[in-house]
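Just so it is clear: chains get the letters A, B, ... in the order the sequence lines come, proteins before strands, and each one is counted from 1.
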Amino acid sequence: MNSTISKPTIPSPSPSHSSHPSSLFPLISSCKTIRDLTQVHAQFIKTSKVHDPLAAAEILRFCANHRDLEYARQVFDQMRKPNCFSWNTIIRAFADCSADEEAKEAALLFRQMVFAGFVEPNQFTFPSVLKACARTGDFEMGKQIHGLVIKYGLDNDVFVLSNLVRMYVMCGAMVDANYLFQKSLIDFGNVSKVGRDKRRQEGNVVLWNVMVDGYVRIGDFRAARELFDEMPHKSVVSWNGLISGYAQNGLFKEAIELFREMQLGDVSPNYVTLVSVLPAISRLGALELGKWVHLYAEKNKIEINDVLGSALVDMYSKCGSIEKALQVFEKLPKENAITWNAIIGGLAMHGRAKDALYFFSRMQKAGVMPTDVTYIGLLNACSHGGLVEEGRSFFNHMVSVVGLEPRIEHYGCMVDLLGRAGQLEEAEEFILNMPIQKDDVIWKALLGACKMHKNIEIGKRVAEILMDIAPRDSGSYVALSNLYASSGNWEAVSEVRLMMKDMDIRKDPGCSWIELDGVIQEFLVEDDSHHRAKEIHSMLNEISNQLRLVGYSPKTEQVLLNMDEEEKQMNLQHHSEKIAIAFGLISTGPKTPLRIVKNLRICEDCHASIKLISKIYKRKIIVRDRKRFHHFEHGTCSCMDYW
DNA sequence: GCTAAGGCGG
C-alpha cells in the first residue's frame with residue numbers, strides 16, 4: 001500500500017495573528033511582572049482608583065494572565081461590589097487553569113455569583129464556567145448550567161452554545177452533545193442564510209469543530225471524518241484539529257494524508273498545523289515531507305520557536321538526519337527543557353552516547369532543570385552506548401539530586417541498560433525490587449536481553465510471567481520462540497508455536513518503508529504485491545549472490561520456524577527491510593543514501609547483510625528500527641554491533 | 001471581556 005506525500009511547492013504566506021487590546025490604564029499596561037503590578041496596585045489603593053471597577057478588573061486580569069491566582073483572588077475578595085465584569089474575570093482566571101482544583105474553584109465562584117444574586121451571569125460568564133465543568137467532567141453541574149443558560153435566554157449565543165456542546169463532549173455525553181449540535185444547526189438555519197453574518201458563521205465553524213473534536217476524543221474517527229467532510233466551511237482550526245487528532249492517536253498516515261489534502265484547498269497551514277503534523281512525519285520517517293515543512297515555515301515567516309523547533313529537531317532525528325537536527329537545535333532558544341530533551345533523545349537514538357551526555361552538561365550549564373524525559377534520553381544513550389556505570393549514576397542523580405520520582409519508563413531504561421550489557425541477574429533483581437507496579441513492557445525489556453544473550457533460564461521465567469500478565473501479546477511468544485531457536489531447541493520452538501496457534505496469536509508482521517520522491521513505499525515481509533515486484537525479486541537474488549561471493553553465510557539462528565537451511569535462508573532474504581533496500585537500490589541513482597524505517601527491531605542477519613550491502617553497493621544505508629538508528633557505511637554500522 | 005487546534009518519552 002502506498003500513500004502519496006505532497007510535492008514541495010510552497011504556497012504564499014497566510015495573514016494571521018491577533019493584536020493586543022490596549023489598556024485604559026497605561027500604568028497597568030506598562031507592567032511586565034507581578035512585582036511591577038503590586039506597585040501600581042499600591043498606588044491605585046492610595047488614590048482610591050482601585051474602586052473603579054474597570055481598574056480593579058484590569059488588575060485582576062493582569063494577575064490572571066500571569067497565572068497568579070492567589071493575588072487575583074485577593075484583589076477580587078477586596079472588591080466591595082464586584083460587577084458582572086469582575087465576576088467573569090475571576091471565574092475565567094480559574095477556569096483557564098489546567099488544574100482540576102482551580103476548575104472546581106471556578107464552578108464554586110459561579111455558584112456564589114448566582115446565589116448572591118446581585119448580578120446576573122451573562123454570555124461572557126457561561127463559556128468560562130462551562131469550560132470548568134468540561135475540565136472536571138462535572139456532568140451534573142454542566143446540565144444544571146445548561147438549564148440556567150436557557151433561563152437567561154442565552155441558548156442562541158454561539159459562544160455559549162459551543163461551550164455547552166464542548167462540555168457534553170468532555171463529559172463523554174456524545175448523545176447530548178450531538179442533540180444540541182443538530183438542534184443549533186436547525187435553529188441557525190442553513191449556512192447560506194447566515195453566510196452574510198461572518199461572526200455567526202465563525203461561531204458555527206467552532207460548533208462543528210467542537211463536535212469533530214468530540215468524536216476524536218471518543219476515538220470514533222469515522223464519525224469525526226464524516227462530520228469533517230460535511231462541514232460547510234472549514235477553518236484552519238478544523239484542519240488542525242483533525243490532523244492533530246490523527247497524529248496523537250497513532251493514525252500517522254491519515255494525519256499526513258489530511259495535511260496533503262489541506263494544501264489542495266484554500267486554507268493555508270499555520271504554525272499549529274506544522275506542530276501537529278510533524279510528530280506524524282517523525283514517526284513515519286518521511287524526511288522529504290519533513291524538510292518541506294521546515295522550508296514552509298521559513299518561507300512563510302512562521303517563527304521557529306522552541307515548540308516548533310523541538311518538533312523539527314525531533315523530526316530530523318527520527319528521519320535519520322541527526323546533523324540537521326543539531327543545526328536546527330543550535331538556532332533555538334534554549335530555556336526550555338523540551339528543546340534539550342529532543343536533541344538528547346535524538347543523539348541517544350543515533351547511538352551517539354557521548355554527545356548526548358555532552359549536551360546534558362550544556363543543559364545544566366545553561367541552568368535548565370532536567371525533567372523525567374531528559375533522563376529517559378540519557379538512560380537510552382547509556383543503554384545504546386553500553387555505559388552501564390554512567391547510566392546508574394544518572395538514575396541516582398535523578399532521584400537524589402534532582403528529586404524526581406522514577407517512573408516505570410525509567411525502570412524500563414535501567415533494565416534495558418543492564419540487560420543489554422549482559423547483567424541479566426541484576427536486571428531481574430532490579431525489576432523484582434522496584435517499588436512500583438511492574439508492567440509487561442518492563443518484563444519484555446528483560447526478555448529481549450535474555451534473547452540477546454541467549455539466557456534460557458531467566459528467559460523462560462520471564463516469558464511465563466509475561467504470558468500471565470499479557471497473554472494476548474505476540475511479542476513474548478515470539479521472543480521465547482527465538483530464544484529456543486537460537487539454542488537449537490526446535491522441540492520447544494514448536495511447542496511455543498502450537499501454543500500461539502491454539503490461542504490464535506499471530507506474530508506482528510514485519511514491515512519496512514522507504515520514502516522515494518515524496519511517496520512512502522511500504523513493504524511487508526515476503527511482500528510481492530509491489531508493481532515492480534519482479535525487478536525487486538531479481539535484485540534480491542543478485543544481492544544474495546553478491547553476499548555469497550564475499551563469503552557471507554546467513555545467520556539463521558533467529559528464524560522462528562523449524563525449516564531446513566535453504567528455506568530459512570529464503571525466509572531471511574524476504575525480510576521487509578531487505579525488500580525495501582532492494583527496491584531502493586533499483587530506484588535511485590548511485591551513491592544516493594537509502595533511508596529505511598522498520599516497525600520492529602532489526603534482526604541479526606539483516607544487520608550483518610546490510611553492513612556488507614553498504615560496502616558492495618557503495619551506499620550509505622540508514623535504518624531506523626523500533627528502537628534506534630543504524631547508519632551503515634563502508635561495511636560497518638554506527639551501532640558498533642551493539643543494539 | 002468570552003469559544004476551537006500544539007513540541008520531548010521504555
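At whole-Å resolution of the value, CD1 in A:I243 and P in B:dG7 are 13 Å apart. Rounded to whole Å, atom P of B:dG10 lies 13 Å from atom CD1 of A:I442. In this structure, CG of A:L446 is placed 18 Å from P of B:dG10, rounded to the nearest angstrom. Following rounding to the nearest Å, A:N270 (CG) and B:dG7 (P) show an atom-to-atom distance of 14 Å. Atom-to-atom, CG of A:N341 to P of B:dG10 comes out at 12 Å; the value is rounded to the nearest Å. Distance OH (A:Y152) to C1' (B:dC2): 17 Å, rounded to an integer number of Å. The distance between atom CG of A:N83 and atom P of B:dG1, rounded to the nearest whole Å, is 13 Å. Atoms CD1 (A:I431) and C1' (B:dG10) sit 11 Å apart, rounded to a whole Å.
Remark: A:R61 is in phosphate contact with B:dC2, judged by side-chain N or O atoms under 4.0 Å from OP1 or OP2. Side-chain N/O atoms of A:N336 include none lying less than 4.0 angstrom from OP1 or OP2 on B:dG7. For B:dG7, one of the phosphate oxygens OP1 or OP2 lies less than 4.0 angstrom from a side-chain nitrogen or oxygen of A:Q248. Between A:R166 and B:dC2 there is no side-chain polar atom (N or O) within less than 4.0 angstrom of OP1 or OP2.
A:T273 and A:S276 are not linked by any side-chain donor-acceptor pair at a separation below 3.5 angstrom, with hydrogens and angles left out of the test.
If you check B:dA5, B:dC8, B:dA4 against the side chain of A:V210, the one that comes closest is B:dA4. Side-chain proximity of A:F159 to B:dA5, B:dT3, B:dC8: nearest is B:dT3. Comparing atom distances between the A:R92 side chain and each of B:dG6, B:dG7, B:dT3 picks out B:dT3 as nearest. When each of B:dT3, B:dC8, B:dG6 is scored by its nearest atom to the side-chain atoms of A:N163, the top-ranked nucleotide is B:dT3. Of the candidate nucleotides B:dT3, B:dG7, B:dA5, B:dA5 has the atom nearest to the side chain of A:V272. Counting only heavy atoms from C-beta on, A:F85 has its side chain closest to B:dG1 among B:dA5, B:dG1, B:dG10.
Looking at heavy-atom distances under 4.0 Å, A:K234 makes no contact with the nucleic acid at all. Looking at heavy-atom distances under 4.0 Å, A:D416 makes no contact with the nucleic acid at all. Within the 4.0 angstrom heavy-atom criterion, no nucleotide atom of any strand lies near A:D213. Using a 4.0 Å heavy-atom cutoff across all strands shown, A:N305 reaches no nucleic acid atom at all. At the heavy-atom level, A:I408 lies under 4.0 Å from base atoms of the strands shown. A:S244 comes within contact range of the sugar-phosphate backbone alone, with a heavy-atom separation under 4.0 Å but no base atom that close. At the heavy-atom level, A:V275 lies under 4.0 Å from the strands shown only through sugar-phosphate atoms.
Considering only residues two or more places apart in sequence or on other chains, A:S128 meets the side-chain hydrogen bond (donor to acceptor under 3.5 Å, both in side chains) condition with none of them. By the ring pair (Phe, Tyr, Trp, His ring centres under 6.0 Å) test, A:H453 is found to be paired with no residue, residues two or more places apart in sequence or in another chain being considered.
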Yes or no on salt bridge (charged side-chain N to carboxylate O under 4.0 Å, His left out) for A:R601 and A:D625, after CA distance, side-chain angles and deciding distance? CA-CA 5 Å; A:R601 304 287 332 249; A:D625 75 10; 3.2 Å; yes
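Atom CG of A:D266 is surrounded by 12 or fewer heavy atoms from other residues, nucleotides or ligands within 6.0 Å.
The side-chain contact (heavy atoms from CB on, under 4.5 Å) test with A:L308 is passed by exactly one of A:L332, A:I302, A:V272: A:I302.
Geometrically, A:R362 engages A:F359 in a cation-pi contact, judged by NZ or CZ lying under 6.0 Å from the ring centre and within 45° of the ring axis.
Taking 3.5 Å as the limit, the base of B:dG6 and the side chain of A:Y271 contain a donor-acceptor pair of atoms between them. In terms of polar N and O atoms assigned as donor or acceptor, the side chain of A:N240 never comes within less than 3.5 Å of the base of B:dG6 in a complementary pairing.
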